[in-house]
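For reference, the structure is listed below as structure tokens.
As the structure is a computational prediction, the values presented were derived from the model and not from experiment.
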Amino acid sequence: MARRYDNRKLYVLLMGSCLTLIILAWFVVRLFSIPVAIGMSAVAAVLPPTAAIVANWGHDKR
């Protein structure tokens, strides 16, 4: 059960960082540097699939 809790915690952390990156890139960073904002958005696009993989890691395949 502790492993399941750790997976959820990491999932929430990854998804929260995804939202943070998107919000910062679109509303703050784009005013100073568009290439950096695009890079932040690209990193944020990779985080949701990674979070889903991490959340399901170690589960039995039934």
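Each of V29 and I38 belongs to its own hydrophobic cluster when Ile, Leu, Val, Met, Phe, Trp and Tyr are linked at side-chain heavy-atom distances under 4.5 angstrom. Criterion: ILVMFWY side-chain heavy atoms under 4.5 Å apart, direct or through other members. Under it, L47 and V54 are part of a common hydrophobic cluster. No continuous path of hydrophobic side-chain contacts links I34 to L31 [ILVMFWY only; heavy atoms under 4.5 Å]. Hydrophobic clustering keeps V46 apart from M40 (ILVMFWY residues linked when any side-chain heavy atoms are closer than 4.5 Å, directly or through intermediates).
With hydrogens and angles ignored, the 3.5 Å screen pairs a side-chain donor or acceptor of N7 with a backbone N or O of W57.
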Compile the donor-acceptor pairs under 3.5 Å between side chains in residues 12-21 and protein atoms, sequence neighbours left out, one pair per line.
| unit_1 | atom_1 | unit_2 | atom_2 | d |
| --- | --- | --- | --- | --- |
| S17 | OG | L13 | O | 3.2 |
| S17 | OG | L14 | O | 2.7 |
| T20 | OG1 | G16 | O | 2.8 |

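Nearest heavy atom pair, residue S41 against residue W26, reads OG-NE1, 3.5 Å.
Once rounded to the nearest 0.5 Å, the distance linking OH of Y11 with CD1 of I53 reads 12.0 Å.
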